[in-house]
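Following: one structure in structure tokens, then a few remarks.
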Protein chains: 2
Amino acid sequence: MLTKKSQYAFKALGYLADKQQDGPVLISEIAKKKRIPLKFLENILLELKKADILESKKGKGGGYFFKKDPADVKMATVIRLIDGPISMLPCVSLYFYERCKNCDEKHCGLNDVMKQVRDATLQVLENRTLKDLQD
Amino acid sequence: MLTKKSQYAFKALGYLADKQQDGPVLISEIAKKKRIPLKFLENILLELKKADILESKKGKGGGYFFKKDPADVKMATVIRLIDGPISMLPCVSLYFYERCKNCDEKHCGLNDVMKQVRDATLQVLENRTLKDLQD
DNA sequence: TATAAAACCTACCAACTAAGTAGACTAATA
DNA sequence: TATTAGTCTACTTAGTTGGTAGGTTTTATA
């Protein structure tokens, strides 16, 4: 399951994608409209900024807005950033790989199946972007 | 990610599937061969028994063995039993559904995408069985 | 029928993670 | 220079994960 954190991230990103033409959007506005705890949302947006997905402006008239085009940010990227691995096992993960102890990946039935699951999942998440979150 | 618990469950089930012709297998034998903490494995096997996947015999000459045919037990069933939901969001889960607050499932982009992920995942996990874990 | 083997059961625990909060600091603008 | 708004560091609290301890019950067999 996705954590609350990444669910909030997607909600916020969807909102920002909708408001892309309106200039900077306040954290407090997003928090209110999407019912996300304000301080928690602060952390999330900051992470998204540090990952170069969002940009921000301080002071009056400030707020958050997209740095990249939403259509260029894959869902998979956001999940990996906020939650970590997408795969069901470390030994089949592409970005968070860890080798299996006591099991030879070359002929491990579980490994095989979980690789299939991974590929099926990524087929979706690598081809859908934040643009798909817009109304 | 799968928990250690369900990973251990799969290891143990794979071992039992291999030894299906040999009569009851000791917990301690599985624990040793698959390097699973003994007492932890006890709990896991008990859960699998209560779910009617395994059967056990007490006393001398006892142990664990399959109640169902491994080929009739889907991977998805084991994951749901040990770890819970397979879906990435409660609002797209088939077995652990919870409705979304503050978001209309009828036109929610995230919901749409996560339904696709769910279906792609289940396509694999509902069609692979414990038989696929055998050597 | 005693005894040993084996699963079963209840309870506990330490470490970690998820989810969120508090409060001070920095930068931009009017 | 006052106000606005994001940034940063640190903390808290509840729940989950990954176990462990130790006793109870059931069964085969000598």
Side-chain angles (χ1 to χ4, degrees), chain A residues 1-12 16 19 22-32 34-67 79 81-85 88-90 96 101-102, chain B residues 1-12 16 22-32 34-67 79 81-85 88-90 96 101:
Chain A
M1 297 271 268
L2 297 181
T3 61
K4 284 277 177 192
K5 196 173 178 185
S6 64
Q7 294 179 44
Y8 290 154
F10 281 122
K11 298 272 182 202
L16 283 171
K19 302 273 176 181
D22 304 11
V25 181
L26 296 181
I27 302 178
S28 54
E29 179 185 336
I30 306 171
K32 192 171 183 187
K34 298 312 239 177
R35 294 188 195 160
I36 303 169
L38 179 72
K39 298 295 279 181
F40 198 19
L41 181 57
E42 279 186 13
N43 300 333
I44 295 166
L45 295 178
L46 208 48
E47 276 191 66
L48 292 167
K49 179 189 170 175
K50 284 175 179 163
D52 283 325
I53 294 168
L54 298 180
E55 189 49 271
S56 68
K57 222 187 133 191
K58 285 183 176 181
K60 192 160 195 178
Y64 272 94
F65 49 96
F66 266 96
K67 182 168 188 183
I79 296 177
L81 179 70
I82 305 287
D83 281 354
M88 292 191 130
L89 292 178
F96 299 85
K101 320 175 213 320
N102 356 324
Chain B
M1 296 271 267
L2 296 180
T3 60
K4 282 276 175 192
K5 196 173 179 186
S6 64
Q7 293 180 45
Y8 288 154
F10 281 122
K11 298 272 182 202
L16 284 171
D22 303 10
V25 181
L26 296 182
I27 301 178
S28 56
E29 178 185 335
I30 307 172
K32 192 171 183 187
K34 298 313 239 176
R35 294 189 195 158
I36 302 171
L38 179 71
K39 300 295 278 180
F40 198 20
L41 182 57
E42 277 188 14
N43 301 332
I44 295 167
L45 295 178
L46 210 47
E47 276 191 65
L48 292 167
K49 179 188 170 176
K50 285 175 179 163
D52 283 324
I53 293 167
L54 297 180
E55 189 49 273
S56 68
K57 221 185 136 194
K58 283 184 177 182
K60 193 161 194 176
Y64 272 93
F65 49 95
F66 266 96
K67 180 168 187 184
I79 296 177
L81 179 69
I82 304 288
D83 281 355
M88 293 191 130
L89 291 179
F96 300 85
K101 321 176 212 322

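All values reported here derive from a predicted model rather than from experimental measurement. Just so we're on the same page: letters track the sequence lines, and every chain starts at 1.
Between Lys57(A) and dT4(D) there is no side-chain polar atom (N or O) within less than 4.0 angstrom of OP1 or OP2. Tyr8(A) has no side-chain polar atom (N or O) that falls below the 4.0 Å cut-off from OP1 or OP2 of dA19(C). Thr3(B) has no side-chain polar atom (N or O) that falls below the 4.0 Å cut-off from OP1 or OP2 of dT16(D).
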Residue pair Phe10(A), Ile79(A): steps toward the side chain to side chain contact (heavy atoms under 4.5 Å, CB included) verdict: CA-CA 9 Å; Phe10(A) 281 122; Ile79(A) 296 177; 3.7 Å; yes
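Annotation: Lys34(A), atom NZ; neighbour count of heavy atoms from other residues, nucleotides and ligands within 6.0 Å is above 12.
Of all nucleotides listed (dT29(D), dG20(C), dT29(C)), dT29(D) comes nearest to the side chain of Lys60(B). When each of dA7(C), dG6(D), dG20(C) is scored by its nearest atom to the side-chain atoms of Lys4(A), the top-ranked nucleotide is dG20(C).
If you measure from atom CZ of Phe40(A) to atom C1' of dT12(D), you get 14 Å, rounded to the nearest angstrom. Following rounding to the nearest Å, Met1(B) (CE) and dC16(C) (P) show an atom-to-atom distance of 17 Å. Spacing between atom CG of Leu2(A) and atom P of dT17(C) amounts to 18 Å, rounded to whole angstrom units. Rounding to whole angstrom units, CD1 of residue Ile82(A) and P of dT17(C) are separated by 16 Å. Between the P atom of dA27(C) and the OH atom of Tyr64(A) lies a distance of 15 Å, rounded to the nearest Å. One can place CD1 of Ile27(A) at 15 Å from C1' of dA28(C), the figure rounded to the nearest angstrom. Rounded to an integer number of Å, the gap from Arg35(A) CZ to dG20(C) C1' is 19 Å.
The main-chain N or O of Leu2(B) is never found under 3.5 Å from a side-chain atom of Asp83(B) such that the two would form a donor-acceptor pair. Without hydrogens or angle criteria, Ser6(A) side chain to Ala9(A) main chain gives no donor-acceptor distance under 3.5 Å.
Contact annotation: the side chain of Lys49(B) approaches that of Glu55(B) to within less than 4.5 Å [non-hydrogen atoms, C-beta and beyond].
Under 4.0 Å is where a charged nitrogen must lie from a carboxylate oxygen, and between Glu42(B) and Lys39(B) at least one such pair does.
One can find a donor-acceptor pair under 3.5 Å joining the base of dG23(C) and the side-chain atoms of Lys39(A).
For the pair Ser6(A) and Gly59(A), both in contact range of DNA chain C, the more 5′-proximal nearest nucleotide belongs to Ser6(A). If you find the closest nucleotide of DNA chain D to Lys58(B) and to Leu38(B), the one lying nearer the 5' end belongs to Leu38(B).
The side-chain contact (heavy atoms from CB on, under 4.5 Å) test with Ile27(B) singles out one residue from Leu46(B), Ile36(B), Ile44(B), Leu41(B), and that residue is Leu41(B).
Residues of residues 41-54 of chain A having a heavy atom closer than 4.0 Å to DNA chain D, listed by number: Glu42(A), Leu46(A), Lys49(A), Lys50(A).
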